[in-house]
Each structure stands twice: as structure tokens, then as C-alpha cells.
Colleague: 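Before we start, here is the structure in question, set down as C-alpha cells.
Order of the sequence lines fixes the chain letters, A, B, ..., with proteins taken first and strands second; residue numbering starts at 1 for each chain.
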Amino acid sequence: MFTTTKLFLQVTACGALFALNTYAVSADPTRYGFGEPASANDLQDFVSSLPDGRDLPAGSGTISKGKQVYDEKCASCHGQKLEGDIGDRLIGGRGTLVNNDPKKAPVKTVESYWPYATTLFDYIKRAMPFYTPGSLTNDEVYSVTGYILSEAKILNGDEPITAKSLSKVAMPNRNGFIPDHRPDHFKPADKHPRLR
Amino acid sequence: MSILDPNSDAKNQLKIASLVEAEEAFLAKARKNANSAYFSQNHIEPEKPVKGEPAKGVDPLQRPHNRRHFLASFAVLASSSVAGRAIAQTAASPDGKAPPGAVWRSVPEDATKIPGTAIGEDGGYGTRSQFETEVRWRFGTKTPLSSWSMTPLEHGVGIITPSGLHFERDHGGIATIDPATHKVFVHGMVKQPKKFSMLDVKRFPSISRILFIECSGNGLTEWSKPTLKTVQGTHGLVSTSEWTGVPLSTILNEVGVKSGAKWLLVEGGDSSVMTRSIPIDKAMKDCFLAYGQNGEAIRPEQGYPLRLIAPGYEGNTHIKWVRRIELSDKPFMTREETSKYTDLLPSGKAVQFSLVMDAKSVITRPSGEMTLSGPGFYEITGLAWSGRGRIKRVDVSTDGGRTWKPAGLQGPILPICQTRFRFPWVWDGKEAILQSRCVDETGYVQPTLGQLIEVRGLNGPIGSIYHLNAIQSWKVDTEGRVSNVHYY
């Protein structure tokens with residue numbers, strides 16, 4: 001813990017730094033000691049979608065159990081055949097991403113577009129089903145994730161679906177993303193503009 | 001549920017049609033309101049199509065599928081709770097008198113002859129004038145829980161968006177969170193995981209900045225053809241507020257960042273538990289957790305009690321209702337930064353983490369669906385902004401981009417903030433194409449739509465969806481009517 005004098009001096013020094021830097025926030029060397037330590041218990045229910053699966057919870061599921069969960073909890077929005085309705089279409093669309101036709105849209109689904117299977121677990125766990133988010137058990141989420149991936153012809157068999165197995169799934173569009181190249185530098189505009 | 005469904009052309013057309021419908025319902029009312037920017041005494045209703053046949057020259061995508069809403073009378077619209085799926089928020093409140101945000105008071109013939117309303121009758125929190133009717137209007141998604149609403153830029157003056165008109169994008173409704181029990185957890189690659197109450201957060205030294213936030217989907221209906229008619233529809237997903245809060249660097253210093261931490265996840269406490277990854281350099285440079293907006297607590301729909309501000313980044317990264325921050329060595333690859341908010345190019349490759357909003361400007365007045373009352377003087381005015389810094393200059397063209405003249409910029413010109421520009425213009429009564437083009441302090445020049453499409457391609461009716469920052473064209477016809485056109 002800091003003594004009051006020490007803290008006062010540091011805060012003063014920090015204030016001077018801010019004064020020099022009106023909008024860029026400078027690294028603040030002061031520790032104020034506010035807030036409480038967060039315990040493992042506090043953090044146990046949080047889930048994240050890191051592709052190596054390290055922040056996914058324990059548990060496992062099966063494709064067949066996933067079908068039951070899907071039919072009961074997901075099909076009303078995403079369709080019996082995962083074709084989408086109020087909710088997004090989940091499967092199909094491979095081969096449609098390369099597209100230069102302004103009249104025809106690419107079909108972006110879990111199958112054709114999503115690069116990581118861990119993202120699917122994470123999203124379902126946090127935000128689905130839409131009207132009762134967070135209501136599925138970890139095993140149910142592993143199962144339904146497996147079912148969607150099996151309908152997408154990415155997974156099959158009776159292997160249990162776990163954090164580890166999801167981190168190893170090779171998604172079809174795994175290498176479909178590139179870094180941001182902007183800012184673009186535009187050539188001088190057309191000197192003869194017209195109504196299009 | 002996405003902004004636009006990337007999976008189905010038919011669904012997209014329906015959704016865009018629904019948005020067109022919402023705008024049209026709003027316009028139908030505004031045209032009859034003498035106080036509206038869209039008031040038109042001699043407005044000519046568009047030619048009604050013969051049943052079953054598209055109207056001549058009107059694309060089916062642009063024409064509402066259901067004419068019922070289009071032609072619905074005022075009273076029906078105002079009283080109907082189900083005006084189709086496209087709901088233009090009506091200016092009348094449920095009591096049928098004052099617009100949202102206003103209280104109806106009887107209007108004396110002469111306000112100098114009778115005392116006004118007693119001070120304090122408003123309960124201590126003021127409302128806007130009952131004569132002001134502008135509202136956000138909402139995109140007609142199937143569920144109003146995942147939707148967005150747009151700022152009426154055409155009415156705006158200055159650079160600050162009134163808090164009640166700041167655009168919204170919510171993925172699971174507007175969360176109601178009691179600040180007395182709210183906690184923010186910070187963990188992952190840190191020396192000491194911590195939790196902070198709102199009282200803790202507010203004890204830290206604070207900063208304020210006036211910043212724009214723009215949804216990267218702003219303008220997505222405009223890639224392949226002019227679709228929405230008003231500037232609220234084409235550009236209404238951008239707003240500016242003064243935000244106050246605590247720098248993320250202060251919070252991160254408090255928990256101690258472990259070496260090797262490169263990204264952080266910020267998570268919302270709403271029912272969509274929205275998450276995005278932010279590079280730690282950005283977080284340390286200028287991100288902050290805001291609890292204040294325009295001098296008071298941030299509005300519920302803006303993330304009360306706490307939202308992330310990531311200056312210049314796309315709106316989706318400004319996580320609302322922040323409840324958790326996790327540090328990691330890698331980006332988290334959440335749903336929003338993989339399957340959404342990535343820009344798919346014709347090559348089949350998608351640009352990921354296209355976080356910065358490029359420079360953009362738009363003329364807000366005169367703009368689509370307004371009518372000039374006759375030849376003479378008009379002040380052309382609008383807004384320019386860049387996620388990379390200050391606006392350096394704005395040029396205006398009244399001949400479709402053949403010639404350009406500099407517009408006057410209203411100070412203060414702040415970095416990553418909307419800048420108001422003005423340009424005096426004498427309309428000679430001939431057809432004109434009004435455009436604005438901005439340059440930011442990095443030298444980036446706002447492109448024409450043609451130039452942008454050259455780089456980005458047009459792979460489908462809504463192209464790569466996000467980051468449309470092209471020059472907007474408004475056509476003024478010889479009758480003074482202003483409309484949205486593509487001219488480049």
C-alpha cells in the first residue's frame with residue numbers, strides 16, 4: 001500500500017503528464033488500490049472463444065444429443081434444416097465466397113465462412129438461444145455445436161465434442177481472412193462523372 | 001441476427017425494402033408538417049403502380065412491398081401498434097399530442113399576455129419543445145430486440161448529437177443494469193485479477209473527449225444503387241457526444257499487465273453478451289470506459305452504466321454495458337470479428353480487424369427529399385469526420401465533382417470528431433449535383449463510390465457491406481427537389 005504522501009506525489013506527477021498530453025492518454029504510473037481482487041470463483045462462469053480452446057469450460061457432448069437440443073431450442077429460429085429463418089442460416093454456401101457478381105450475394109454461414117469452431121461454442125454459450133440466452137448447459141452447447149458442424153459436413157463420428165476437439169477442427173474457411181490493408185490511396189477521380 | 005443477412009438475397013431485399021418502408025412512413029408524415037425539413041406544399045405523390053407490375057423506373061427493391069404502410073394515413077399509423085414490421089417512430093406520443101421527449105402545453109395566442117409554465121413543473125428534468133418532432137427511426141428487423149435506429153442528421157446543428165438522438169445498435173435489447181450492483185471484472189494475463197464497482201470506477205482520475213462513433217455498416221444499403229432517400233437513412237449511423245470516463249490504461253495499470261499480453265476482450269452485460277477484441281496498444285493509447293455522455297450519465301441505450309470508447313474504431317467495438325475485460329496474447333476471434341464485421345472481397349478473402357473508420361463527409365442540408373423553395377441563396381452545410389484524426393479540409397461541388405471549392409470549417413476542429421462545414425451557394429434554378437469531399441490530417445482523401453468499388457469490388461447487392469465512406473451525391477432538379485443519386 002502507498003502512503004498518502006507518496007500517492008499524492010505520484011498523482012501530482014501524473015496530472016502534469018496529462019496536462020502536456022491533452023487527448024492522448026499517457027501510461028499512468030500510479031496505482032490507486034481501488035477495486036477488490038477477483039477470485040477464481042468470481043471468474044468461473046466466464047467463457048471466451050480463443051481458438052486454442054483454453055478459455056472454454058469443461059464438459060463434452062455428442063452429435064446425436066446435439067440434434068435433440070437443436071430441434072428443441074434452435075430450429076424455431078434457424079430452421080429444421082439449419083437453413084435459417086429469423087436466425088441466420090447455418091450451413092451451405094461453400095464455393096460462393098469468390099464472387100464478382102453485384103446481383104448475387106455470397107452465402108456466408110458457419111460452414112462456408114466461420115474460421116474457428118471455438119467461436120461457435122462461445123457464441124451459443126453466451127448469446128443463444130436468443131430469448132433465453134445462457135440457459136444451455138456446457139454439455140448441451142458442446143452437443144449442439146457438434147451437431148451444427150456435422151450437418152455442415154465438417155465433423156462426423158461418435159467422438160465426444162470437447163474444448164480440445166473443437167480447437168482441432170479444421171474449418172473450411174480457416175485461411176479466408178487477411179489483415180486490414182487500409183488506408184487506401186485513391187487515384188484522381190474521373191474527370192467526367194455521370195449519373196449511374 | 002445480423003445487420004443484413006449475408007445468407008440470402010431474398011431476405012436482404014426484404015430487409016432493405018422494410019427499411020425503405022420505414023423511411024417512407026416517416027417521410028409521408030414529415031411532408032405534411034410545416035416545421036419539418038421535408039415539408040412540401042406541392043409534394044407530388046409518386047405514381048402508383050398498376051397492381052402486379054413494378055412502377056415505371058422504380059426498382060422493386062426500392063419500392064415497399066406493401067403499399068398499405070406507404071399510403072397509410074397519419075392517424076392510422078399513429079394509433080396502430082403493428083404498422084407492419086417497418087415501424088417509423090411516429091412523432092406523436094401515446095396521448096396523441098406531444099412528440100417523444102416533449103410535454104404538450106396549450107399554446108397561447110400571445111405569450112406576452114399570460115404567464116408561462118411554472119418553474120419546476122417538469123419535475124426538475126427539462127424536455128424539448130413540443131414543436132420539435134425529429135426522432136430516430138428504427139430498421140424493421142423481425143425482432144425489435146436486435147435492431148438499430150438512425151440519427152436524424154438533417155435536423156442537426158453544430159456537432160453534438162443530442163443524447164436522445166444518438167444512433168443505436170443493439171443485439172439483444174437495451175439492458176437495464178443497476179449501477180449499485182454492477183461490477184467490471186479484469187482478468188486473464190494480468191498480475192492481479194480485479195473487480196471494480198461503479199464507485200471504484202468513478203474514483204479514478206477521469207477524462208472527457210468529444211468523439212464521433214460510427215457503425216461500420218453505415219450506408220450499407222447504398223453500395224449498388226441509391227436506396228434510401230434521406231440523409232438519416234444513408235448516413236444516420238454516426239453520432240457525436242462528449243464522453244467522460246476513466247482511461248483503460250489506468251485500469252490496466254491497476255491490475256498489472258503481464259508481458260506478452262497483446263489483445264484484450266471487452267464483454268457487455270446485455271443479453272447478447274457482446275464481445276470484441278481490441279489490440280492492447282490501442283487500449284493503452286486512448287481507449288476509455290465512459291460513464292458520462294454530454295454532461296450526464298450515459299443513456300441506457302448507450303450502455304449505462306459503462307461503455308467502452310475506442311476512438312476512431314468501428315462502432316461495434318465500443319462495447320456497451322461493460323462487465324468484463326480479459327487480456328490475452330492473441331485476438332479472441334469472437335463471432336462479431338469473424339462471421340460479422342469482416343469485409344468479404346470478390347477474391348473470396350475477407351479483411352479482418354478493419355477497425356479504423358476512414359474519413360467521410362456528407363451534406364446534411366440540403367439533402368434527400370428536401371425541397372428548395374426557389375432560386376436564390378442557400379447555405380450548404382454538413383459534417384465531416386475521420387477515425388484517423390482531424391479533418392483538414394472539406395470541398396464542396398455543385399456540379400457533380402467537376403469543380404470543387406473549399407467549404408468553411410466551424411471550429412473547434414477536434415481529432416476523431418465530427419466537424420461542421422458550411423458553404424454559401426446561390427442556386428440558379430438549374431439542375432445541380434451537390435457533393436462534399438473531405439481530407440483528413442493524414443492526407444487521406446474521401447473517395448468517390450466508383451473509386452471505392454474499384455478497390456473493394458461489388459460482390460453482391462450490398463458489396464462488402466461495411467466501411468462505405470464514399471462521397472454522397474444529392475441531385476437538385478429544376479423544381480428544387482433534392483434526391484439521392486449515384487454520380488461519379
Colleague: Under a 4.0 Å threshold between the charged nitrogen and the carboxylate oxygen, would B:D343 count as salt-bridged to A:R182?
Modeller: no
Colleague: At a 4.5 Å cut-off on heavy atoms, which part of B:R203 comes close to chain A: side chain, backbone, both, or neither?
Modeller: both
Colleague: Just how far is it from atom CE of B:M274 to atom CZ of A:R126, taken to the nearest 0.5 Å?
Modeller: 7.5 Å
Colleague: Can you tell me which portion of A:P37 sits under 4.5 Å from chain B's heavy atoms? Options are side chain, backbone, both or neither.
Modeller: both
Colleague: Less than 4.5 Å to any heavy atom of chain A: does that hold for the side chain of B:R388, its backbone, both, or neither?
Modeller: side chain
Colleague: As an exercise, state the distance from CZ of B:R335 to CD1 of A:I124, rounded to the nearest 0.5 Å.
Modeller: 10.5 Å
Colleague: Quick one: does any side-chain atom of B:E254 pair with a main-chain N or O of A:G33 as donor and acceptor, under 3.5 Å?
Modeller: yes
Colleague: Given heavy-atom pairs under 4.5 angstrom as the criterion, report whether the side chain, backbone, both or neither of B:Y488 touches chain A.
Modeller: both
Colleague: At a heavy-atom separation under 4.5 Å, does B:T448 approach chain A through its side chain, its backbone, both, or neither?
Modeller: side chain
Colleague: At a 4.5 Å cut-off on heavy atoms, which part of B:Q446 comes close to chain A: side chain, backbone, both, or neither?
Modeller: neither
Colleague: Quick check on B:Q192 against chain A: is it the side chain, the backbone, both or neither that has a heavy atom closer than 4.5 Å?
Modeller: side chain
Colleague: For chain A, which candidate among B:S328, B:G401, B:G172 shows the most heavy-atom pairs at distances under 4.5 Å?
Modeller: B:S328
Colleague: What part of B:P311 lies closer than 4.5 angstrom to a heavy atom of chain A: side chain, backbone, both or neither?
Modeller: neither
Colleague: Would you check if the side chain of A:K108 reaches a backbone N or O of B:K340 as a donor-acceptor pair within less than 3.5 Å?
Modeller: no
Colleague: Using heavy-atom distances under 4.5 Å, tell me whether B:V455 contacts chain A through its side chain, its backbone, both, or neither.
Modeller: side chain
Colleague: Nearest 0.5 Å please: distance from the CG atom of B:D358 over to the CZ atom of A:F186.
Modeller: 7.0 Å
Colleague: Output the distance between atom CZ (B:F196) and atom CD (A:E36), rounded to the nearest 0.5 Å.
Modeller: 10.0 Å
Colleague: Measure from the side-chain N and O atoms of B:K349 to the backbone N and O of A:N175, and report whether any donor-acceptor pair falls under 3.5 Å.
Modeller: yes
Colleague: Mind running side chain to side chain contact (heavy atoms under 4.5 Å, CB included) on A:F177 and B:E337 for me, showing each step along the way?
Modeller: CA-CA 11 Å; A:F177 295 85; B:E337 62 210 19; over 6 Å; no
Colleague: With only heavy atoms counted, which part of A:D101 is less than 4.5 Å from chain B, the side chain, the backbone, both or neither?
Modeller: backbone
Colleague: Using non-hydrogen atoms and a 4.5 Å limit, figure out which bit of A:D52 sits close to chain B: side chain, backbone, both or neither.
Modeller: neither
Colleague: Name the region of B:V201, side chain, backbone, both or neither, that has any atom closer than 4.5 Å to a heavy atom of chain A.
Modeller: neither
Colleague: Can you tell which part of B:F353 gets under 4.5 Å to a heavy atom of chain A, answering side chain, backbone, both or neither?
Modeller: backbone
Colleague: So for A:I178, is it side chain, backbone, both, or neither that comes closer than 4.5 Å to the heavy atoms of chain B?
Modeller: both
Colleague: Answer with yes or no whether the side chains of B:T342 and A:Y113 bring together a donor and an acceptor at under 3.5 Å.
Modeller: yes
Colleague: Any idea which of A:V110, A:N100, A:N173, A:T96 has the most non-hydrogen atom pairs under 4.5 angstrom with chain B?
Modeller: A:N100
Colleague: Which atoms of B:L345 are under 4.5 Å from chain A, going by heavy atoms: the side chain, the backbone, both sets, or neither?
Modeller: both
Colleague: Can you tell which part of B:I453 gets under 4.5 Å to a heavy atom of chain A, answering side chain, backbone, both or neither?
Modeller: neither
